Chemist: 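One structure follows; several queries about it will come next.
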Amino acid sequence: MRSARPRGPYGVKRAPYLFLVPATALFLLFFALPIGYALWLSFRKVRVSGLGLGSGARTEVWAGLENYTGALSDGELLGGALRVLGYGCIVVPVMLGLALLFALMLDSERVRLAPFTRLAIFLPYAVPGVVAALLWGFLYLPDVSPFHFVLGELGLPQPDLLDGGPLYLALANIAVWGGTGFNMIVIYTALRAIPAEVYEAAKLDGATPLQIALRIKIPMVAPSLVLTFFFSIIATLQVFNEPTTLKPLTNSVSTTWSPLMKVYQDAFGNGDIHAAAAQATLIALVTLVLSFGFLRAADRGDERNARQGDAR
């Protein structure tokens with residue numbers, strides 16, 4: 001019987017790339033290609049001849065940076081960015097603070113019904129954003145809200161959370177209610193990965209549970225805090241579902257309340273897809289710059305702490 005011939009290294013080296021083909025094709029088709037098409041549209045515009053009627057009256061021509069200069073000078077887009085900034089100043093610290101607090105409480109030795117509590121905190125994250133916004137929207141409406149009814153029966157003031165400044169709190173509450181559970185799970189998982197010997201050594205040194213939480217747990221889960229902060233910043237810059245869903249319930253939410261709502265309005269409301277593409281590109285660039293800058297700052301902080309540890 002003839003022995004089997006050994007396979008050459010060429011087939012072995014080629015195998016990993018064959019496994020990458022489906023993922024690469026999906027990435028190019030559903031991610032890279034749409035981004036490239038949006039960039040192409042952002043440098044184009046529609047030129048109208050005469051009254052814009054008949055064939056050939058509307059032609060697509062090269063616009064250069066005209067759409068970008070128009071976006072940067074658009075007061076509605078800049079106003080939406082400022083509103084999102086105020087919204088993020090409420091959402092991010094409150095959501096991450098609650099997530100860290102819940103994670104530390106669940107990691108405590110004295111906690112009871114930890115699996116049920118963990119599920120209860122995480123469950124709002126499983127509710128779709130549109131459904132959550134509708135749920136809270138009707139709870140905010142004065143005519144149907146049980147909160148307004150209870151406050152009225154008690155003779156207490158009944159604030160309108162869908163008008164003026166309280167609107168930011170109403171929108172932020174929806175985001176905090178839905179996102180705290182996910183961030184809590186990320187931080188809690190990092191806490192459970194800390195070796196038990198670290199806690200035992202701290203207890204032998206006389207550390208209290210509060211000191212263990214502040215001096216051991218929080219510093220050791222700092223990478224998870226950085227990750228959740230990073231995700232929260234991106235989600236804040238891309239806020240769309242909550243204000244869009246609440247818009248039919250109040251006149252305080254305009255069609256351009258957030259930058260993404262402005263993009264949607266220009267693309268599908270005004271029919272100016274080229275200006276919308278330029279605005280979307282600018283939003284993506286701002287998100288990329290902020291994310292990269294924050295990650296660089298976090299890396300420098302880790303390097304500084306490592307050098308200080310080595311010096312000690």
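In what follows, residues are counted from 1 in the order of the sequence shown. Here the structure is a predicted model, which is why all the values come from computation and not from measurement.
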Chemist: Would you compute the distance between atom OG1 of T287 and atom CD1 of I233 and round it to the nearest 0.5 angstrom?
Modeler: 10.0 Å
Chemist: Given 3.5 Å as the limit, does a donor-acceptor pair link the side chain of R44 with the main chain of E60, or not?
Modeler: yes
Chemist: Can you give me the closest heavy-atom contact between A277 and L41, atom names plus distance?
Modeler: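 Nearest pair, atom of A277 first, then L41: CB-CB, 3.9 Å.
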Chemist: Step by step, work out the side chain to side chain contact (heavy atoms under 4.5 Å, CB included) result for L135 and W177.
Modeler: CA-CA 12 Å; L135 169 66; W177 182 79; 4.3 Å; yes
Chemist: Under 3.5 Å, side chain of H148 to main-chain N/O of P159, donor-acceptor pair present?
Modeler: yes
Chemist: Quick test of your reading: applying ring-ring contact (aromatic ring centres under 6.0 Å, His included), list the pairs with at least one residue in residues 208-262, sequence neighbours left out, ordered by first then second residue.
Modeler: Y168-W257, F229-F294, F240-Y264
Chemist: Under 3.5 Å, is there a donor-acceptor pair between the S145 and Y140 side chains?
Modeler: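 No donor-acceptor contact under 3.5 Å links the two side chains.
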Chemist: For the hydrophobic clusters of this structure (ILVMFWY residues joined by side-chain heavy atoms under 4.5 Å, transitively), does one cluster hold both M184 and L123?
Modeler: no
Chemist: Donor-acceptor pair, R83 side chain versus T256 backbone, under 3.5 Å?
Modeler: yes
Chemist: With a 3.5 Å distance limit and no angle check, can you tell me whether T250 reaches the backbone of L162 through a side-chain donor-acceptor pair?
Modeler: yes
Chemist: Does T236 form a side chain to side chain contact (heavy atoms under 4.5 Å, CB included) with V84? I'd like the steps, not just the answer.
Modeler: CA-CA 7 Å; T236 300; V84 167; 4.1 Å; yes
Chemist: Under 4.5 Å between side-chain heavy atoms, counting indirect links through other Ile/Leu/Val/Met/Phe/Trp/Tyr residues: same cluster for V150 and W136 or not?
Modeler: no
Chemist: Go through the steps for F292 and R296 under the test side chain to side chain contact (heavy atoms under 4.5 Å, CB included), then give the verdict.
Modeler: CA-CA 6 Å; F292 181 77; R296 286 291 299 170; 3.7 Å; yes
Chemist: According to a 4.5 Å side-chain heavy-atom criterion applied to Ile, Leu, Val, Met, Phe, Trp and Tyr, with indirect links allowed, do V127 and L246 form part of one hydrophobic cluster?
Modeler: yes
Chemist: If you take all heavy atoms of A213 and P219, which pair is closest and at what distance?
Modeler: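 Residues A213 and P219, closest heavy atoms: O-CD, 4.5 Å.
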Chemist: Which heavy atom of A175 sits nearest to which heavy atom of Y87, and what is that distance?
Modeler: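 Scanning both residues, the minimum pair turns out to be CB-OH, 3.1 Å.
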Chemist: Should side-chain heavy atoms under 4.5 Å link Ile, Leu, Val, Met, Phe, Trp and Tyr, which residues sit in the same cluster as I218?
Modeler: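 Via sub-4.5 Å side-chain contacts, I218 links to L100, L104, I187, L191, I194, V198, Y199, L210, I212, L214, I216, M220, V221, L225.
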Chemist: Any salt bridge linking K45 with E66? Criterion: basic side-chain nitrogen under 4.0 Å from a carboxylate oxygen.
Modeler: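 Answer for the salt bridge query: yes.
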Chemist: Does L260 belong to the same Ile/Leu/Val/Met/Phe/Trp/Tyr cluster as I273, with side-chain heavy atoms less than 4.5 Å apart forming each link?
Modeler: no
Chemist: Flag yes if L237 and L96 sit in one hydrophobic cluster, no otherwise; membership is Ile, Leu, Val, Met, Phe, Trp, Tyr, and two members link when side-chain heavy atoms are under 4.5 Å apart.
Modeler: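 Yes, same cluster.
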Chemist: Considering all heavy atoms of both residues, which atom of S232 and which atom of M95 are nearest to each other, and what is their separation?
Modeler: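 For S232 and M95, the tightest heavy-atom pair comes out as OG-CE, 3.4 Å.
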Chemist: Give the minimum heavy-atom separation between K247 and T255, together with the two atoms involved.
Modeler: CE-CG2, 3.0 Å
Chemist: Look only at the side chain of S258 and the backbone of V239, and say whether a donor-acceptor pair between them is shorter than 3.5 Å.
Modeler: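 Yes; at least one donor-acceptor contact below 3.5 Å.
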Chemist: I'd like to know if the side chain of N67 and the backbone of S42 have a donor-acceptor N/O pair within less than 3.5 Å.
Modeler: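 Such a contact is found between N67 side chain and S42 backbone.
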Chemist: Taking all atoms of both residues into account, what is the closest heavy-atom pair of A170 and L161, and its distance?
Modeler: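 Closest heavy-atom pair between A170 and L161: CB-O, 3.4 Å.
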Chemist: Once rounded to the nearest 0.5 Å, what's the spacing between atom CD1 of I185 and atom OG1 of T228?
Modeler: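 The CD1 atom of I185 sits 12.5 Å away from the OG1 atom of T228.
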Chemist: Assess the residue pair T59 and V46 against the criterion (side chain to side chain contact (heavy atoms under 4.5 Å, CB included)); give the C-alpha distance rounded to whole Å, side-chain angles, the decisive distance to 0.1 Å, and a yes or no.
Modeler: CA-CA 6 Å; T59 57; V46 174; over 6 Å; no
Chemist: Give a yes or no answer on whether the side chain of T208 reaches the backbone of Q211 with a donor-acceptor pair at less than 3.5 Å.
Modeler: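 Side chain of T208 to backbone of Q211: a pair is present.
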Chemist: Side chains of D163 and S252: is there a donor and an acceptor less than 3.5 Å apart?
Modeler: yes
Chemist: Taking everything shown except D205 itself, do over 12 heavy atoms lie less than 6.0 Å from its CG?
Modeler: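 Check passes, neighbour count above 12.
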Chemist: Hey, what else clusters with L26 if you join Ile, Leu, Val, Met, Phe, Trp, Tyr whenever side-chain heavy atoms sit under 4.5 Å?
Modeler: L29, F30, L33
